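This report refers to the structure that appears directly beneath it.
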Amino acid sequence: MDFRARFAPSPTGQVHIGNIRTAIFNWLATRHNKGTFLLRIEDTDLERSTQDAIDKLLECMKWLGLDYDEEIMYQTKQSGLHKQAAEKLIETGYAYKLNPAEEHSPILFKLPYDCDGMKFIRQAGPVRIDLAPGSAVQLNQAGVVYNTVSPKGKTVENAASLAGFKNLEILGADGSVLFRLDEESRKALPSNPQEKMTVENCSALTFLRREVFYHDLVKGDLAKPLDSMKDFIIVRSDGSPVFHLANVYDDMQQRVTHIVRGDDHVENTYRHLFLFEALGFTPPQYAHLPMIVNKAGKPYSKRDGDAFVGDFREKGFMAQALFNYLSLLGWSPGDDREKMSKEELVEAFTIERALRSPAQFDIAKLTNMNALYIAELSRDEFMERIAPYLEKYCPEAVGSPLLEKVAELMHSRTKTFADVAHWTYFFRSPENVEYDAKALKKFLSDDMIRKSVEEFASGLDALPSCTAAEIESKIRAVEEKYGIPQGKLNQPLRIAVTGSTIGAGIYETIELIGSAGSASRIRRALAMKNE
RNA sequence: GCCCCUAUCGUCUAGAGGCCCAGGACACCAGGUUUUCAUCCUGGCGACACGGGUUCGAAUCCCGUUGGGGGUGCCA
């Protein structure tokens, strides 16, 4: 069977990881099934949709390698067809105007009372609901309104579509039937949604409960009682189509066979099933993905500024790593594999293996995975990848003859490309090196140390160019002369030369920076301490 | 309020009645390599939300409680 899935974002801001994870799962499922991956921009919210957001979205998808087939569908261009569809639904009795008298009235989809033949409807058995004693029940062809008493004793109003109450009987206090819903009485009910028939002094409702059910590829068998549903708006009073209609219509037109989307759409599915039926189209298969939650365990909101895809790119994460990491949020191949190439993911991915419960996004694990991907870059690839980040975070390095060697030295220490920001000390002139004041104090306070460090610096002057090995033996010699334990001078020298307690090997670092530069850095550090 | 979904180490997850007094990864801790840091290697800490049931046997099935999430007539 042909497999057609789509990603249908609304371009109302930055793309965040929740959205893109949905795109990734759609893409993976499609490519696994050798199907067609469609992109539809749901830009019907004219107030909030922007071209900028569309551009950003396309850029993110390109970056992650989420290629799509066929042309992009822009939902706004479909609105004429949507309105036509709504008119047709009115003609066929599947929809009605809320205020038939007014010119600008929203159009509602009417849950059909005669739905027993539909594939997604089943009977759940007889039900009795006790009402608030003596309360009234109001009904018309659209729905039923009745009052019940909550456990706390409060009277609560309930409203639901008439379709939920097959063979409804409204009972009085003495158990007598005040109203019975049958073919005839149903037709006698007010057809104008604004009018209602009232049955006074009721005590209970009995009816045959029916429910909407479907099999969700991720969540399994799902069902919802029809008497908990209401007719819903498909066209606004300003004439614009609502999400439900537009979304279903376009899925129909694009012949979508599999809908993979966020958990928040589960409830919509029960309604969309009816819409597909009314439009005369076989509903697609559904798969609802659980949400990705933030550090606090809450769903990402537009306020979580740290979850935009573009930002991850900025921060120096590789597309591969983010893709890989995100594919593992709410899905696993079933074995212990984690680091997987796109090809491996496509091969292993089935939507049925997606999890049902929310997953928390963990930047630490992403960072670790990113480091894994960076580590396996060749030297040339690494150089190429860091170039844009150098310009931004370490401009001193651009064009420097030292760069290649520094990169080699720092490769295994790079977890994100933005880490190049810590490379500045290699390239700065001695007077611009920034020092860690605390470290300075800790490692360069002892007189004996200071003396020997100074002596080392003087020795450097005599060694205009020197190798790491020569530097090491030089340090050892100074240590011996001053009776300092072997290796004790390394850290003070590191501070003096780089300004920091962490970094690559100090011998190699001094070799790279050169004798003259290192010597003047050391002198400057010693002087700073004196101030 | 009502409806729907959900619950394994701090986090991501393996687990579809016996292979599990629960396995892997990240994080964390300890040790080794590197006279710093990172990489790499070894080890450690650490979970089936709670209460009932079904069964010879339950993390796995059922019910309930609690927690979390979603939906609930003009957002998508």
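Treat the numbers as computed from the prediction; the structure is a model and nothing was measured. Below, chain A is the first sequence line, B the second, and so on; all start at residue 1.
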Could you tell me whether [X] contacts a base, only the sugar-phosphate backbone, or nothing, with contacts defined as non-hydrogen atoms closer than 4.0 Å?
| X | answer |
| --- | --- |
| A:Glu42 | sugar-phosphate |
| A:Phe213 | nothing |
| A:Ile234 | nothing |
| A:Gly262 | nothing |
| A:Leu98 | base |
| A:Asn268 | base |
| A:Ser332 | sugar-phosphate |
| A:Arg476 | base |
| A:Pro485 | nothing |
| A:Thr44 | sugar-phosphate |
| A:Ala504 | base |
| A:His288 | nothing |
| A:Glu338 | base |
| A:Asn158 | nothing |

Kindly write out the residues that satisfy side-chain hydrogen bond (donor to acceptor under 3.5 Å, both in side chains) with [X], not counting sequence neighbours, or none if the list is empty.
| X | value |
| --- | --- |
| A:Glu376 | A:Lys339 |
| A:Tyr214 | A:Asp216, A:His288 |
| A:Asn370 | none |
| A:Asp436 | none |

With the threshold set at under 4.0 Å for non-hydrogen atoms, list the residues of residues 410-419 of chain A touching RNA chain B in residue-number order.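 The stretch gives A:Ser412, A:Arg413, A:Lys415 as the residues lying under 4.0 Å from the strand, ordered by number.
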Electrostatic pair A:Asp52-A:Lys56, nearest N-O below 4.0 angstrom: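 Here A:Asp52 pairs with A:Lys56 in a salt bridge, since their nearest N and O are under 4.0 Å apart.
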Answer yes when A:Glu408 and A:Arg379 have at least one side-chain N-carboxylate O distance shorter than 4.0 Å, and no when they do not.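 Between A:Arg379 and A:Glu408 there is a salt bridge, with a charged N closer than 4.0 Å to a carboxylate O.
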Between A:Leu108 and A:Asp335, which has a closest nucleotide on RNA chain B that is more 5'?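 Final value for this comparison: A:Asp335.
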Heavy atoms of chain A, cut-off under 4.0 Å: which first and last nucleotide of RNA chain B, 5' to 3', fall inside that, if you could look?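 First and last nucleotides in contact are B:rG1 to B:rA76.
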With sequence neighbours left out, what residues match A:Arg337 under salt bridge (Lys or Arg N to Asp or Glu O under 4.0 Å)?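 A:Asp335.
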Sticking with atom [atom1], work out how far [N] lies from [M], rounded to a whole angstrom.
| N | M | atom1 | result |
| --- | --- | --- | --- |
| B:rC63 | B:rG24 | P | 33 Å |
| B:rU6 | B:rG64 | P | 14 Å |
| B:rG10 | B:rG17 | C1' | 30 Å |
| B:rU13 | B:rA7 | C1' | 14 Å |
| B:rG51 | B:rU66 | P | 15 Å |
| B:rA27 | B:rC12 | P | 15 Å |
| B:rA14 | B:rU60 | C1' | 13 Å |
| B:rA38 | B:rU34 | C1' | 10 Å |

Sequence neighbours excluded, which residues qualify as ring-ring contact (aromatic ring centres under 6.0 Å, His included) partners of A:Phe232?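 Counting only residues at least two positions away or on another chain, A:Phe232 forms a ring-ring contact (aromatic ring centres under 6.0 Å, His included) with A:Phe109, A:His244.
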Partner of A:Thr269 under side chain to side chain donor-acceptor pair (under 3.5 Å), chosen from A:Lys219, A:Arg261, A:Lys224: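 One option only clears the test, and that one is A:Arg261.
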Throw together a table of side-chain donor-acceptor distances under 3.5 angstrom for residues 96-104 of chain A, partners on residues two or more places apart or in other chains.
from: A:Tyr96; atom 1: OH; to: A:Asp231; atom 2: OD2; distance (Å): 2.6
from: A:Asn99; atom 1: OD1; to: A:Gln194; atom 2: NE2; distance (Å): 2.6

Any donor-acceptor pair under 3.5 Å linking the side chain of A:Ser79 with the backbone of A:Gln75?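 Checked: no pair found.
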According to the Watson-Crick and G-U wobble definitions, with both distances under 3.5 Å, which nucleotide is paired to B:rC29?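 Here B:rC29 is engaged in a pair, and the nucleotide opposite it is B:rG43.
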